[in-house]
Number of protein chains: 2
Amino acid sequence: MNIGDVADRAGLPAKTIRYYEEIGLITPARAENGYRRFSARDLHKLAFLKRARALGFSVEECRHLLALYEDQGRASADVKALAQEHLARIDAKLEELAQMRRTLAELIESCAGDHRPDCPILADLAAQEATSAKAGGR
Amino acid sequence: MNIGDVADRAGLPAKTIRYYEEIGLITPARAENGYRRFSARDLHKLAFLKRARALGFSVEECRHLLALYEDQGRASADVKALAQEHLARIDAKLEELAQMRRTLAELIESCAGDHRPDCPILADLAAQEATSAKAGGR
DNA sequence: TCTTGACCTTCCAGTTGCGGGAGGGATTAT
DNA sequence: ATAATCCCTCCCGCAACTGGAAGGTCAAGA
């Protein structure tokens with residue numbers, strides 16, 4: 001299969017597939033004309049990568065997951081640990097976003113949103129709480 | 001004030017402040033020796049930027065917010081609209097992350113996490129659902 | 001046969017929002 | 001005088017691609 005075919009089947013842009021080859025996630029064979037020739041295993045790996053990326057794993061984590069996947073002697077504990085670390089990062093991100101959301105929603109609610117210039121959103125952003133670390137200028 | 005002072009007071013790295021100048025968010029004066037000289041207004045703007053960035057606004061949105069802030073004739077509706085767009089993006093991101101979290105948590109729970117190689121996480125990642133767009137290879 | 005169009009190739013640049021570090025000048029403290 | 005601490009500019013790097021330029025290849029139609 002050429003790159004266009006695997007791109008369609010794996011649901012990934014050809015550019016992304018070339019990039020994955022460049023960073024060593026896959027190593028497709030080459031035809032005599034220089035075209036990449038993808039095996040079923042390559043396609044399989046690309047599908048794996050797509051799914052793992054969709055779950056938010058970084059490309060480096062994907063590399064690790066792929067290595068575990070191909071290692072018949074792996075321990076499922078290693079996979080689980082990787083997934084748990086990732087889950088923890090997702091939770092941290094969720095909390096951060098939720099905090100932003102709360103603040104932003106409050107501000108939006110307090111804003112009249114009309115033709116007048118008075119705006120609690122801008123007022124909040126401009127609120128200079130004196131939380132400066134160092135006192136005394138020069 | 002020199003850059004180190006404003007950095008401390010605004011709670012932003014000097015690098016970031018230079019970057020903000022480079023992209024035209026602030027335009028501090030220059031002393032004869034070439035050092036940036038920050039006014040109270042510059043400091044105020046930097047604090048504004050820090051707060052807006054902390055709420056997740058992109059730098060370009062910050063530019064817009066800053067312009068609205070400085071425009072005495074603004075309509076609060078414009079600010080509110082900007083904030084609402086941003087809120088919508090946060091909500092989208094939250095939902096995406098929550099979906100990832102659900103899937104990942106399920107997988108983690110179903111994985112024994114011991115010395116054996118069998119792993120539902122890897123099995124799921126490798127699951128090749130035949131959702132390919134185009135049929136028929138070459 | 002020629003040409004068109006759809007493929008494929010490589011390489012380079014851009015994206016976001018900075019951080020690190022080199023290499024050098026200015027200022028302040030000892 | 002000299003060392004320490006500022007400050008300056010410039011350029012590279014990060015993640016994970018995406019877009020585009022310039023050109024080679026292949027199958028089909030006039």
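Quantities reported herein were computed from a predicted structural model and do not represent experimental measurements. Letters go in sequence order (proteins before strands), and every chain restarts at 1.
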Quick one: which of A:Leu122, A:Asp124, A:Leu125 gives a side-chain contact (heavy atoms from CB on, under 4.5 Å) with A:Leu107?
-> A:Asp124
Counting distance only, does the side-chain N/O of B:Asp114 pair as donor-acceptor with the main-chain N or O of B:Arg116 below 3.5 Å?
-> yes
Just call it for A:Arg18: base, sugar-phosphate, or nothing, with non-hydrogen atoms closer than 4.0 Å on any strand.
-> base
Between A:Arg53 (CZ) and D:dA16 (C1'), how many Å, whole number?
-> 6 Å
For the student: nearest non-hydrogen atoms of A:Ala83 and B:Leu104, plus distance = O-CD2, 3.9 Å
With the side chain defined as heavy atoms from C-beta on, A:Thr16 is closest, among C:dG19, C:dG17, D:dC17, to D:dC17
How long is the line joining CZ of B:Arg63 and C1' of C:dC18, in whole Å?
-> 15 Å
When rounded to the nearest 0.5 angstrom, what is the spacing between NE2 in A:His44 and CZ in A:Phe48?
-> 8.5 Å
Residue pair A:Arg9 / A:Phe38, side-chain heavy-atom distance below 4.5 Å | no
With no angle test and no hydrogens, is the base of C:dG17 tied to the side chain of B:Lys15 by a donor-acceptor pair under 3.5 Å?
-> no
Take atom CZ of B:Phe57 and atom C1' of C:dG17, then tell me their distance rounded to the nearest Å.
-> 17 Å
What is the distance from CD of B:Glu61 to P of C:dT16, rounded to the nearest Å?
-> 12 Å
How many Å lie between OH on B:Tyr19 and C1' on D:dG13, as a whole number?
-> 15 Å
Side chains of A:Glu96 and A:Lys93 in contact at under 4.5 Å (non-hydrogen atoms) = yes
Among C:dT9, C:dC8, D:dT18, which is the nearest nucleotide to the side chain of A:Asn2?
-> C:dC8
Give the nucleotide from the list C:dG17, C:dG19, C:dC8 with an atom nearest to the side chain of A:Ile3.
-> C:dC8
Sorted by number, the residues of residues 20-37 of chain A with heavy-atom contact under 4.0 Å to DNA chain D = A:Tyr20, A:Asn33, A:Tyr35
Between atom CD1 in B:Ile17 and atom P in C:dG17, what is the gap in whole Å?
-> 17 Å
Partner residues of B:Arg41 under the side-chain hydrogen bond (donor to acceptor under 3.5 Å, both in side chains) criterion, sequence neighbours left out = B:Glu70
Given the options A:Ile3, A:Asp42, A:Leu25, A:Ile17 meets side-chain contact (heavy atoms from CB on, under 4.5 Å) only with A:Ile3
Axis-to-axis angle for the helix from C:dT1-D:dA30 to C:dT30-D:dA1, ends of five pairs each, to 10°, equals 30°
Atom-to-atom span, CG of A:Asp5 to P of D:dC26 - whole angstrom = 15 Å
Can you check whether A:Ile23's main-chain N or O pairs, donor with acceptor, with A:Arg63's side chain at less than 3.5 Å?
-> yes
